[in-house]
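Notes to accompany the following structure.
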Amino acid sequence: MITVPTNLSFVTMFEAAADAMLLAEESGHIVLVNPAAQQLFGYSADELSGLAIEILIVPRYRKQYRYHQELFLNKPTKRSMGAGNELMVLSRDGKEMLLDISLSPIRVQQQLYVLITFNAINRRLDVEEALRISEERLRLAKQAAGLGIFDYDIKRNIIYWDKQMRKLWGEPSETTVSYEEFVARIHPEDRAARQTVIEYAMNPAGNGEFKAEYRIVDPINSSERWISASGRVYFEAGYANRLIGVTRDVTEQKNTQKKLQMQRDETENILKQQIAARTASAIAHELNQPLAAISAYSEVALHAIHNDGFTSDSLKRALEGCVEQAQRAGRSLHELLAFLQKGELVTERLNLNDLIRDALTIVSNDGHGKFYLALRLQQNLPVVQCNRIQVQKVLVNLFRNADEAMRAVDLPTLTITTQIDTMNGTDKALVIVQDNGPGLDAVMTKRIFEPFFTTKPAGIGMGLAISRALIETNGGHLWLDSDTQSGAKFLFTLPFAP
Ligand code: ADP
(Lines give C-alpha, C1' and ligand atoms only; values in the text may rest on other atoms or scores of the structure.)
Protein backbone atom coordinates (compact mmCIF):
# COMPACT_ATOMS: atom_id res chain seq x y z
CA MET A 1 0.00 0.00 0.00
CA ILE A 2 1.26 3.45 -0.86
CA THR A 3 1.62 5.86 2.02
CA VAL A 4 0.94 9.44 1.01
CA PRO A 5 2.75 12.05 3.13
CA THR A 6 -0.11 14.24 4.22
CA ASN A 7 1.97 16.50 6.37
CA LEU A 8 3.89 18.09 3.47
CA SER A 9 3.76 21.83 4.06
CA PHE A 10 3.16 24.48 1.38
CA VAL A 11 6.58 25.97 2.08
CA THR A 12 8.40 22.65 1.53
CA MET A 13 6.78 22.23 -1.85
CA PHE A 14 7.25 25.92 -2.70
CA GLU A 15 10.97 25.66 -1.91
CA ALA A 16 11.38 22.37 -3.82
CA ALA A 17 9.56 23.47 -7.02
CA ALA A 18 11.68 23.47 -10.16
CA ASP A 19 9.74 26.43 -11.59
CA ALA A 20 10.38 29.93 -10.35
CA MET A 21 7.63 30.94 -7.90
CA LEU A 22 6.66 34.05 -5.96
CA LEU A 23 3.99 34.47 -3.34
CA ALA A 24 2.58 37.99 -3.22
CA GLU A 25 0.00 39.79 -1.18
CA GLU A 26 -3.15 41.19 -2.72
CA SER A 27 -1.41 44.57 -2.76
CA GLY A 28 1.31 43.11 -5.01
CA HIS A 29 4.05 43.03 -2.40
CA ILE A 30 6.30 39.99 -2.43
CA VAL A 31 6.08 37.68 0.56
CA LEU A 32 8.03 34.60 -0.47
CA VAL A 33 10.55 33.84 -3.24
CA ASN A 34 11.53 30.23 -3.98
CA PRO A 35 15.17 29.26 -4.85
CA ALA A 36 14.32 28.75 -8.55
CA ALA A 37 12.97 32.33 -8.69
CA GLN A 38 16.02 33.67 -6.83
CA GLN A 39 18.21 32.04 -9.46
CA LEU A 40 16.09 33.26 -12.34
CA PHE A 41 15.94 36.89 -11.22
CA GLY A 42 19.34 37.06 -9.49
CA TYR A 43 17.97 38.43 -6.19
CA SER A 44 18.04 36.77 -2.75
CA ALA A 45 14.72 36.10 -0.99
CA ASP A 46 15.50 38.80 1.58
CA GLU A 47 16.18 41.42 -1.07
CA LEU A 48 12.81 40.90 -2.71
CA SER A 49 10.73 40.36 0.35
CA GLY A 50 8.33 43.27 0.92
CA LEU A 51 9.00 44.87 -2.47
CA ALA A 52 6.30 45.43 -5.08
CA ILE A 53 6.33 42.84 -7.90
CA GLU A 54 6.71 45.70 -10.37
CA ILE A 55 10.40 45.86 -9.59
CA LEU A 56 10.72 42.61 -11.60
CA ILE A 57 8.78 43.97 -14.59
CA VAL A 58 10.49 45.78 -17.48
CA PRO A 59 9.45 49.45 -16.94
CA ARG A 60 7.74 49.85 -20.30
CA TYR A 61 5.47 46.89 -19.44
CA ARG A 62 4.52 48.04 -15.92
CA LYS A 63 1.36 49.83 -16.95
CA GLN A 64 0.18 46.76 -18.80
CA TYR A 65 1.03 44.62 -15.76
CA ARG A 66 -1.02 46.84 -13.40
CA TYR A 67 -3.99 46.49 -15.72
CA HIS A 68 -3.71 42.67 -15.64
CA GLN A 69 -3.25 42.68 -11.88
CA GLU A 70 -6.44 44.63 -11.47
CA LEU A 71 -8.32 42.26 -13.74
CA PHE A 72 -7.07 39.30 -11.73
CA LEU A 73 -7.93 40.81 -8.39
CA ASN A 74 -11.43 41.64 -9.57
CA LYS A 75 -11.93 37.98 -10.39
CA PRO A 76 -9.22 35.91 -8.72
CA THR A 77 -9.39 32.58 -10.55
CA LYS A 78 -6.55 30.24 -11.62
CA ARG A 79 -4.89 31.16 -14.84
CA SER A 80 -2.60 28.50 -16.24
CA MET A 81 0.45 28.94 -18.43
CA GLY A 82 0.19 29.23 -22.16
CA ALA A 83 -3.03 31.23 -21.89
CA GLY A 84 -1.36 34.27 -23.28
CA ASN A 85 -0.21 35.47 -19.87
CA GLU A 86 3.21 36.55 -20.96
CA LEU A 87 5.34 39.08 -19.17
CA MET A 88 8.57 40.83 -20.00
CA VAL A 89 10.54 40.66 -16.76
CA LEU A 90 13.82 42.11 -15.69
CA SER A 91 16.58 40.28 -13.82
CA ARG A 92 18.89 41.98 -11.38
CA ASP A 93 21.63 42.35 -14.00
CA GLY A 94 19.22 44.08 -16.42
CA LYS A 95 18.49 41.10 -18.66
CA GLU A 96 15.01 41.17 -20.19
CA MET A 97 13.18 37.83 -20.33
CA LEU A 98 9.83 36.97 -21.80
CA LEU A 99 8.14 34.61 -19.33
CA ASP A 100 4.93 32.68 -19.39
CA ILE A 101 3.14 33.04 -16.02
CA SER A 102 0.41 31.20 -14.18
CA LEU A 103 -1.55 32.81 -11.36
CA SER A 104 -3.24 30.92 -8.52
CA PRO A 105 -5.21 32.67 -5.80
CA ILE A 106 -4.62 31.32 -2.27
CA ARG A 107 -6.94 32.35 0.57
CA VAL A 108 -5.68 32.11 4.14
CA GLN A 109 -8.10 33.39 6.75
CA GLN A 110 -9.78 36.05 4.61
CA GLN A 111 -6.43 37.20 3.33
CA LEU A 112 -5.83 36.79 -0.44
CA TYR A 113 -2.39 35.75 -1.67
CA VAL A 114 -1.32 35.17 -5.24
CA LEU A 115 1.02 32.34 -6.22
CA ILE A 116 2.86 33.35 -9.39
CA THR A 117 4.74 30.68 -11.33
CA PHE A 118 7.15 31.65 -14.12
CA ASN A 119 8.29 29.64 -17.11
CA ALA A 120 10.89 30.79 -19.64
CA ILE A 121 9.50 30.81 -23.15
CA ASN A 122 12.14 33.05 -24.56
CA ARG A 123 13.87 30.38 -26.58
CA ARG A 124 10.72 29.09 -28.28
CA LEU A 125 9.64 32.62 -29.09
CA ASP A 126 13.09 33.57 -30.35
CA VAL A 127 13.04 30.70 -32.83
CA GLU A 128 9.46 31.48 -33.85
CA GLU A 129 10.33 35.13 -34.25
CA ALA A 130 13.45 34.37 -36.29
CA LEU A 131 11.41 32.07 -38.54
CA ARG A 132 8.67 34.63 -38.88
CA ILE A 133 11.18 37.35 -39.75
CA SER A 134 12.95 35.21 -42.32
CA GLU A 135 9.65 34.13 -43.86
CA GLU A 136 8.55 37.73 -43.98
CA ARG A 137 11.82 38.74 -45.60
CA LEU A 138 11.45 36.01 -48.18
CA ARG A 139 7.87 37.07 -48.88
CA LEU A 140 8.88 40.70 -49.27
CA ALA A 141 11.83 39.80 -51.49
CA LYS A 142 9.60 37.56 -53.60
CA GLN A 143 7.02 40.30 -53.86
CA ALA A 144 9.59 42.95 -54.75
CA ALA A 145 11.11 40.77 -57.43
CA GLY A 146 7.70 39.53 -58.63
CA LEU A 147 8.89 35.95 -58.16
CA GLY A 148 6.66 32.90 -58.21
CA ILE A 149 7.85 29.60 -56.76
CA PHE A 150 7.20 26.10 -58.05
CA ASP A 151 8.13 22.61 -56.90
CA TYR A 152 7.74 19.89 -59.51
CA ASP A 153 7.45 16.41 -58.02
CA ILE A 154 8.71 14.50 -61.03
CA LYS A 155 7.75 10.99 -59.89
CA ARG A 156 4.18 11.96 -59.03
CA ASN A 157 3.91 14.30 -62.00
CA ILE A 158 2.55 17.12 -59.87
CA ILE A 159 3.58 20.74 -59.62
CA TYR A 160 3.08 22.68 -56.39
CA TRP A 161 2.96 26.41 -57.09
CA ASP A 162 2.51 29.56 -55.08
CA LYS A 163 -0.08 32.29 -55.42
CA GLN A 164 2.05 34.48 -57.66
CA MET A 165 2.53 31.67 -60.19
CA ARG A 166 -1.10 30.61 -60.07
CA LYS A 167 -2.06 34.19 -60.84
CA LEU A 168 0.17 34.20 -63.92
CA TRP A 169 -1.26 30.90 -65.12
CA GLY A 170 -4.78 32.12 -64.44
CA GLU A 171 -5.54 29.34 -61.90
CA PRO A 172 -5.84 31.33 -58.66
CA SER A 173 -7.20 28.59 -56.39
CA GLU A 174 -5.54 25.27 -57.26
CA THR A 175 -2.44 24.71 -55.12
CA THR A 176 -1.26 21.86 -57.33
CA VAL A 177 -1.44 21.19 -61.03
CA SER A 178 -0.51 18.23 -63.21
CA TYR A 179 2.52 18.68 -65.42
CA GLU A 180 0.37 18.34 -68.57
CA GLU A 181 -2.05 21.05 -67.41
CA PHE A 182 0.91 23.26 -66.57
CA VAL A 183 2.45 22.82 -70.02
CA ALA A 184 -0.91 23.32 -71.77
CA ARG A 185 -0.68 27.06 -71.00
CA ILE A 186 2.77 27.39 -72.57
CA HIS A 187 2.84 28.79 -76.08
CA PRO A 188 3.00 25.82 -78.53
CA GLU A 189 6.00 27.37 -80.31
CA ASP A 190 7.98 27.51 -77.06
CA ARG A 191 7.16 24.05 -75.67
CA ALA A 192 9.78 22.03 -77.54
CA ALA A 193 12.71 24.29 -76.64
CA ARG A 194 11.61 24.37 -73.00
CA GLN A 195 11.20 20.59 -72.92
CA THR A 196 14.71 20.14 -74.30
CA VAL A 197 16.11 22.34 -71.55
CA ILE A 198 14.19 20.39 -68.86
CA GLU A 199 15.39 17.05 -70.23
CA TYR A 200 18.94 18.35 -70.27
CA ALA A 201 18.65 19.51 -66.64
CA MET A 202 17.25 16.10 -65.63
CA ASN A 203 20.26 14.30 -67.02
CA PRO A 204 22.09 12.93 -63.95
CA ALA A 205 25.40 13.50 -65.73
CA GLY A 206 24.80 17.28 -65.80
CA ASN A 207 24.67 19.86 -63.02
CA GLY A 208 20.86 19.93 -62.82
CA GLU A 209 20.57 23.64 -63.62
CA PHE A 210 17.43 24.74 -65.41
CA LYS A 211 16.92 28.07 -67.16
CA ALA A 212 14.31 28.84 -69.79
CA GLU A 213 12.24 31.63 -71.25
CA TYR A 214 8.84 30.98 -72.75
CA ARG A 215 5.44 32.53 -73.29
CA ILE A 216 2.23 31.55 -71.57
CA VAL A 217 -1.09 32.15 -73.25
CA ASP A 218 -4.25 33.27 -71.49
CA PRO A 219 -6.97 30.82 -72.61
CA ILE A 220 -9.69 33.48 -72.39
CA ASN A 221 -8.29 36.45 -74.25
CA SER A 222 -5.26 34.71 -75.89
CA SER A 223 -2.92 37.38 -74.54
CA GLU A 224 0.69 36.33 -74.08
CA ARG A 225 3.08 36.90 -71.21
CA TRP A 226 6.79 36.18 -71.19
CA ILE A 227 8.10 34.06 -68.33
CA SER A 228 11.68 33.64 -67.25
CA ALA A 229 12.12 30.45 -65.23
CA SER A 230 15.15 29.10 -63.44
CA GLY A 231 15.68 26.30 -60.97
CA ARG A 232 17.54 23.17 -60.07
CA VAL A 233 16.82 19.49 -60.43
CA TYR A 234 17.39 17.29 -57.37
CA PHE A 235 18.36 13.67 -57.88
CA GLU A 236 17.64 10.60 -55.78
CA ALA A 237 19.37 7.29 -56.42
CA GLY A 238 20.60 8.60 -59.76
CA TYR A 239 17.15 9.74 -60.96
CA ALA A 240 15.68 13.21 -61.27
CA ASN A 241 13.32 13.54 -58.35
CA ARG A 242 12.29 17.19 -58.00
CA LEU A 243 12.68 20.44 -59.85
CA ILE A 244 12.41 23.49 -57.64
CA GLY A 245 12.56 26.93 -59.12
CA VAL A 246 11.28 30.45 -59.53
CA THR A 247 9.49 32.23 -62.33
CA ARG A 248 9.33 35.89 -63.18
CA ASP A 249 7.07 37.81 -65.52
CA VAL A 250 9.46 39.53 -67.96
CA THR A 251 6.87 40.69 -70.50
CA GLU A 252 7.55 44.41 -70.07
CA GLN A 253 11.27 43.84 -70.39
CA LYS A 254 10.76 41.73 -73.51
CA ASN A 255 8.52 44.34 -75.11
CA THR A 256 11.06 47.08 -74.49
CA GLN A 257 13.84 44.90 -75.85
CA LYS A 258 11.78 44.06 -78.91
CA LYS A 259 11.09 47.72 -79.61
CA LEU A 260 14.76 48.61 -79.20
CA GLN A 261 15.78 45.71 -81.41
CA MET A 262 13.34 46.76 -84.12
CA GLN A 263 14.80 50.25 -84.01
CA ARG A 264 18.34 48.84 -84.13
CA ASP A 265 17.47 46.54 -87.05
CA GLU A 266 15.89 49.40 -88.91
CA THR A 267 18.93 51.63 -88.38
CA GLU A 268 21.27 48.82 -89.38
CA ASN A 269 19.28 48.11 -92.52
CA ILE A 270 19.27 51.77 -93.51
CA LEU A 271 23.01 51.88 -92.86
CA LYS A 272 23.60 48.73 -94.89
CA GLN A 273 21.51 50.11 -97.75
CA GLN A 274 23.41 53.38 -97.62
CA ILE A 275 26.73 51.56 -97.64
CA ALA A 276 25.55 49.38 -100.51
CA ALA A 277 24.36 52.45 -102.45
CA ARG A 278 27.57 54.35 -101.79
CA THR A 279 29.73 51.37 -102.69
CA ALA A 280 27.76 50.91 -105.90
CA SER A 281 28.08 54.57 -106.83
CA ALA A 282 31.80 54.58 -106.01
CA ILE A 283 32.26 51.52 -108.23
CA ALA A 284 30.18 53.11 -110.96
CA HIS A 285 32.24 56.26 -110.70
CA GLU A 286 35.50 54.35 -111.03
CA LEU A 287 34.25 52.19 -113.89
CA ASN A 288 32.42 54.85 -115.83
CA GLN A 289 35.41 56.32 -117.59
CA PRO A 290 37.20 53.13 -118.57
CA LEU A 291 33.90 51.58 -119.68
CA ALA A 292 33.13 54.63 -121.83
CA ALA A 293 36.64 54.43 -123.29
CA ILE A 294 36.34 50.68 -123.94
CA SER A 295 33.04 51.32 -125.65
CA ALA A 296 34.60 54.01 -127.81
CA TYR A 297 37.58 51.80 -128.74
CA SER A 298 35.25 48.92 -129.57
CA GLU A 299 33.25 51.17 -131.86
CA VAL A 300 36.46 52.23 -133.60
CA ALA A 301 37.38 48.54 -134.02
CA LEU A 302 33.94 47.69 -135.44
CA HIS A 303 34.07 50.68 -137.71
CA ALA A 304 37.53 49.63 -138.93
CA ILE A 305 36.30 46.09 -139.69
CA HIS A 306 33.31 47.36 -141.65
CA ASN A 307 35.32 49.98 -143.49
CA ASP A 308 36.97 49.32 -146.78
CA GLY A 309 40.18 51.02 -145.68
CA PHE A 310 40.57 48.40 -142.96
CA THR A 311 44.14 48.08 -141.66
CA SER A 312 45.30 45.65 -139.03
CA ASP A 313 47.18 48.54 -137.39
CA SER A 314 44.03 50.57 -136.64
CA LEU A 315 42.30 47.45 -135.31
CA LYS A 316 45.31 46.62 -133.14
CA ARG A 317 45.38 50.16 -131.69
CA ALA A 318 41.67 49.99 -130.87
CA LEU A 319 42.01 46.60 -129.19
CA GLU A 320 45.11 47.72 -127.24
CA GLY A 321 43.06 50.66 -126.04
CA CYS A 322 40.39 48.25 -124.83
CA VAL A 323 42.92 46.11 -122.94
CA GLU A 324 44.53 49.16 -121.34
CA GLN A 325 41.19 50.59 -120.22
CA ALA A 326 40.08 47.24 -118.84
CA GLN A 327 43.32 47.07 -116.82
CA ARG A 328 42.77 50.61 -115.64
CA ALA A 329 39.32 49.65 -114.45
CA GLY A 330 40.83 46.72 -112.52
CA ARG A 331 43.45 48.99 -110.87
CA SER A 332 40.81 51.52 -109.93
CA LEU A 333 38.73 48.84 -108.29
CA HIS A 334 41.73 47.62 -106.29
CA GLU A 335 42.53 51.15 -105.17
CA LEU A 336 38.92 51.67 -104.19
CA LEU A 337 38.90 48.49 -102.10
CA ALA A 338 42.21 49.45 -100.46
CA PHE A 339 40.70 52.85 -99.65
CA LEU A 340 37.55 51.31 -98.17
CA GLN A 341 39.56 48.93 -96.01
CA LYS A 342 42.02 51.53 -94.78
CA GLY A 343 42.04 52.57 -91.16
CA GLU A 344 44.05 50.77 -88.55
CA LEU A 345 42.54 47.64 -87.06
CA VAL A 346 42.52 47.83 -83.27
CA THR A 347 42.99 44.37 -81.83
CA GLU A 348 43.23 43.11 -78.27
CA ARG A 349 43.86 39.85 -76.43
CA LEU A 350 40.48 38.23 -75.99
CA ASN A 351 39.00 35.10 -74.53
CA LEU A 352 37.01 33.61 -77.38
CA ASN A 353 34.68 31.67 -75.05
CA ASP A 354 33.68 34.95 -73.34
CA LEU A 355 33.11 36.56 -76.74
CA ILE A 356 30.78 33.68 -77.63
CA ARG A 357 28.83 34.06 -74.38
CA ASP A 358 28.49 37.84 -74.92
CA ALA A 359 27.25 37.30 -78.46
CA LEU A 360 24.72 34.71 -77.23
CA THR A 361 23.42 37.23 -74.69
CA ILE A 362 22.99 39.83 -77.44
CA VAL A 363 21.12 37.31 -79.61
CA SER A 364 18.82 36.17 -76.83
CA ASN A 365 18.15 39.77 -75.76
CA ASP A 366 17.11 40.49 -79.32
CA GLY A 367 14.35 37.93 -78.98
CA HIS A 368 16.31 35.37 -81.01
CA GLY A 369 17.78 32.30 -79.40
CA LYS A 370 14.78 30.10 -78.69
CA PHE A 371 16.87 27.00 -79.18
CA TYR A 372 18.57 24.44 -77.02
CA LEU A 373 22.19 25.38 -76.70
CA ALA A 374 24.97 22.80 -76.65
CA LEU A 375 28.16 24.62 -75.71
CA ARG A 376 31.30 22.59 -76.16
CA LEU A 377 33.81 25.22 -75.29
CA GLN A 378 37.41 24.24 -74.75
CA GLN A 379 38.10 25.48 -71.25
CA ASN A 380 41.75 26.40 -71.54
CA LEU A 381 41.67 27.89 -74.98
CA PRO A 382 44.56 30.41 -75.27
CA VAL A 383 43.52 34.03 -75.89
CA VAL A 384 43.11 35.26 -79.46
CA GLN A 385 44.25 38.58 -80.91
CA CYS A 386 41.38 40.29 -82.67
CA ASN A 387 38.96 43.20 -82.83
CA ARG A 388 36.21 42.58 -80.29
CA ILE A 389 33.37 44.37 -82.10
CA GLN A 390 34.11 42.81 -85.47
CA VAL A 391 34.31 39.22 -84.18
CA GLN A 392 31.22 39.78 -82.07
CA LYS A 393 29.39 40.97 -85.18
CA VAL A 394 30.35 37.78 -86.99
CA LEU A 395 29.20 35.56 -84.12
CA VAL A 396 25.89 37.42 -83.75
CA ASN A 397 25.31 37.11 -87.49
CA LEU A 398 26.01 33.36 -87.50
CA PHE A 399 23.77 32.75 -84.45
CA ARG A 400 20.92 34.81 -85.91
CA ASN A 401 21.14 33.05 -89.27
CA ALA A 402 21.10 29.69 -87.46
CA ASP A 403 18.13 30.74 -85.34
CA GLU A 404 16.20 31.92 -88.39
CA ALA A 405 17.02 28.70 -90.23
CA MET A 406 15.96 26.51 -87.29
CA ARG A 407 12.56 28.05 -86.72
CA ALA A 408 10.77 25.24 -88.54
CA VAL A 409 12.52 22.52 -86.54
CA ASP A 410 10.77 20.83 -83.59
CA LEU A 411 13.77 20.56 -81.29
CA PRO A 412 16.13 23.27 -82.49
CA THR A 413 19.69 22.76 -81.30
CA LEU A 414 22.60 25.09 -81.81
CA THR A 415 25.96 23.49 -81.11
CA ILE A 416 28.90 25.82 -80.58
CA THR A 417 32.35 24.32 -80.32
CA THR A 418 35.73 25.89 -79.74
CA GLN A 419 38.98 24.03 -80.24
CA ILE A 420 42.56 24.45 -81.37
CA ASP A 421 43.00 23.98 -85.06
CA THR A 422 46.42 22.88 -86.24
CA MET A 423 46.02 23.17 -89.95
CA ASN A 424 49.11 23.83 -92.07
CA GLY A 425 51.42 23.58 -89.09
CA THR A 426 50.16 26.77 -87.41
CA ASP A 427 47.88 26.83 -84.41
CA LYS A 428 44.69 28.83 -84.64
CA ALA A 429 41.53 28.98 -82.63
CA LEU A 430 38.65 27.26 -84.39
CA VAL A 431 34.99 28.06 -83.79
CA ILE A 432 32.27 25.77 -85.15
CA VAL A 433 28.67 26.96 -85.28
CA GLN A 434 26.36 24.12 -86.23
CA ASP A 435 22.59 24.17 -86.39
CA ASN A 436 20.01 21.50 -87.21
CA GLY A 437 17.97 23.64 -89.57
CA PRO A 438 17.20 22.73 -93.21
CA GLY A 439 20.80 23.37 -94.32
CA LEU A 440 21.80 24.55 -97.80
CA ASP A 441 21.58 22.95 -101.21
CA ALA A 442 24.50 22.84 -103.67
CA VAL A 443 23.48 26.05 -105.47
CA MET A 444 23.09 28.01 -102.25
CA THR A 445 26.35 26.63 -100.87
CA LYS A 446 28.16 28.13 -103.85
CA ARG A 447 26.56 31.53 -103.50
CA ILE A 448 26.00 32.34 -99.83
CA PHE A 449 29.17 34.39 -99.43
CA GLU A 450 28.31 36.51 -102.46
CA PRO A 451 27.21 40.05 -101.56
CA PHE A 452 23.45 40.54 -101.88
CA PHE A 453 22.69 36.80 -102.02
CA THR A 454 19.67 36.15 -99.84
CA THR A 455 16.73 33.77 -99.69
CA LYS A 456 14.90 35.79 -97.04
CA PRO A 457 12.05 38.12 -97.99
CA ALA A 458 13.51 40.96 -95.89
CA GLY A 459 17.15 39.87 -96.19
CA ILE A 460 19.90 41.99 -97.63
CA GLY A 461 22.40 39.22 -98.19
CA MET A 462 25.38 41.15 -96.87
CA GLY A 463 25.75 39.31 -93.52
CA LEU A 464 27.96 36.44 -94.58
CA ALA A 465 29.92 38.53 -97.11
CA ILE A 466 30.71 41.08 -94.40
CA SER A 467 31.41 38.33 -91.83
CA ARG A 468 33.92 36.64 -94.11
CA ALA A 469 35.64 39.98 -94.83
CA LEU A 470 35.78 40.77 -91.09
CA ILE A 471 37.28 37.39 -90.14
CA GLU A 472 39.86 37.73 -92.90
CA THR A 473 40.73 41.25 -91.75
CA ASN A 474 41.38 39.71 -88.34
CA GLY A 475 43.76 37.12 -89.82
CA GLY A 476 41.40 34.15 -89.98
CA HIS A 477 39.12 32.29 -92.39
CA LEU A 478 35.38 31.70 -92.49
CA TRP A 479 33.83 28.89 -94.48
CA LEU A 480 30.89 26.54 -94.72
CA ASP A 481 31.36 22.81 -94.30
CA SER A 482 29.39 21.42 -97.23
CA ASP A 483 29.77 17.79 -96.08
CA THR A 484 27.42 18.14 -93.10
CA GLN A 485 24.57 15.63 -93.13
CA SER A 486 21.96 17.88 -91.56
CA GLY A 487 21.71 21.60 -90.93
CA ALA A 488 24.44 24.11 -91.64
CA LYS A 489 27.95 24.10 -90.20
CA PHE A 490 29.98 27.30 -90.33
CA LEU A 491 33.59 27.37 -89.18
CA PHE A 492 36.04 30.17 -88.66
CA THR A 493 39.57 30.51 -87.38
CA LEU A 494 41.37 33.33 -85.59
CA PRO A 495 45.03 33.68 -84.72
CA PHE A 496 46.12 33.18 -81.11
CA ALA A 497 47.71 36.18 -79.42
CA PRO A 498 51.51 36.17 -79.65
P1 ADP B 1 20.71 37.50 -94.98
O2 ADP B 1 20.64 36.88 -93.62
O3 ADP B 1 20.39 38.96 -95.01
O4 ADP B 1 19.95 36.73 -96.02
P5 ADP B 1 23.41 36.44 -95.06
O6 ADP B 1 24.56 36.81 -95.91
O7 ADP B 1 23.66 36.42 -93.61
O8 ADP B 1 22.26 37.45 -95.43
O9 ADP B 1 22.88 35.02 -95.50
C10 ADP B 1 22.72 34.73 -96.90
C11 ADP B 1 21.84 33.52 -97.10
O12 ADP B 1 22.53 32.35 -96.65
C13 ADP B 1 20.58 33.50 -96.31
O14 ADP B 1 19.55 34.24 -96.96
C15 ADP B 1 20.25 32.02 -96.22
O16 ADP B 1 19.61 31.59 -97.42
C17 ADP B 1 21.61 31.38 -96.20
N18 ADP B 1 22.00 30.97 -94.84
C19 ADP B 1 22.81 31.64 -93.99
N20 ADP B 1 22.97 30.97 -92.84
C21 ADP B 1 22.23 29.83 -92.96
C22 ADP B 1 21.97 28.70 -92.11
N23 ADP B 1 22.51 28.61 -90.90
N24 ADP B 1 21.17 27.73 -92.59
C25 ADP B 1 20.59 27.81 -93.81
N26 ADP B 1 20.80 28.85 -94.66
C27 ADP B 1 21.61 29.85 -94.24
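Counting starts at 1 for both ligands and their atoms, following the listed order.
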Q) G439 near ligand 1, heavy-atom distance under 4.0 Å? A) yes
Q: With atom 12 (O) of ligand 1 as the reference point, say which of L398, L480, T455, I448 has the nearest heavy atom.
A: I448
Q. Should one rank F453, F399, F449 by closest heavy-atom distance to atom 10 (C) of ligand 1, which comes out on top?
A. F453
Got the closest protein heavy atom to [atom], with its distance?
atom	result
atom 2 (O) of ligand 1	K456 NZ, 2.7 Å
atom 5 (P) of ligand 1	L464 N, 3.6 Å
atom 24 (N) of ligand 1	A405 CB, 3.4 Å
atom 19 (C) of ligand 1	N401 ND2, 3.6 Å
atom 8 (O) of ligand 1	G461 CA, 3.3 Å
atom 4 (O) of ligand 1	T454 OG1, 2.6 Å

Q. Under the 6.0 Å and 45° cation-pi test, does R468 pair with F449?
A. yes
**Q.** Flag, side chain of K211 to backbone of S228, donor-acceptor distance under 3.5 Å
**A.** no
Q: Would you confirm whether the ring centroid of F182 sits within less than 6.0 angstrom of the ring centroid of W169?
A: yes
Q) Are Y152 and Y179 an aromatic pair by the rule of ring centers under 6.0 Å? A) yes
(Q) Show the atoms of ligand 1 that are less than 4.0 angstrom away from any heavy atom in A488. (A) 22 (C), 23 (N), 24 (N)
Q. For ligand 1, which atoms have a heavy atom of M444 less than 4.0 angstrom away?
A. 16 (O)
Q: Report the part of D435 in contact with ligand 1, treating N, CA, C, O as backbone and CB onward as side chain, heavy atoms under 4.0 Å; options are side chain, backbone, both, neither.
A: side chain
Q. For ligand 1, is any non-hydrogen atom under 4.0 Å from R400's backbone (N, CA, C, O), its side chain (CB onward), both, or neither?
A. neither
Q: May I ask you to decide whether E320 forms a salt bridge with R317, counting only side-chain N to carboxylate O separations under 4.0 Å?
A: no
**Q.** N-O pairing of R215 and E189 below 4.0 Å
**A.** yes
Q | Matching residue for F496 among V383, L381, T426 - test: side-chain contact (heavy atoms from CB on, under 4.5 Å) | A | L381
**Q.** Steps toward salt bridge (charged side-chain N to carboxylate O under 4.0 Å, His left out) verdict (D403, R400)
**A.** CA-CA 5 Å; D403 180 65; R400 272 190 198 150; over 6 Å; no
Q. Mind checking whether L440 has an N or O less than 3.5 Å away from an N or O of ligand 1?
A. no
Q: Decide whether Q378 and T418 meet the rule of one side-chain donor and one side-chain acceptor closer than 3.5 Å.
A: no
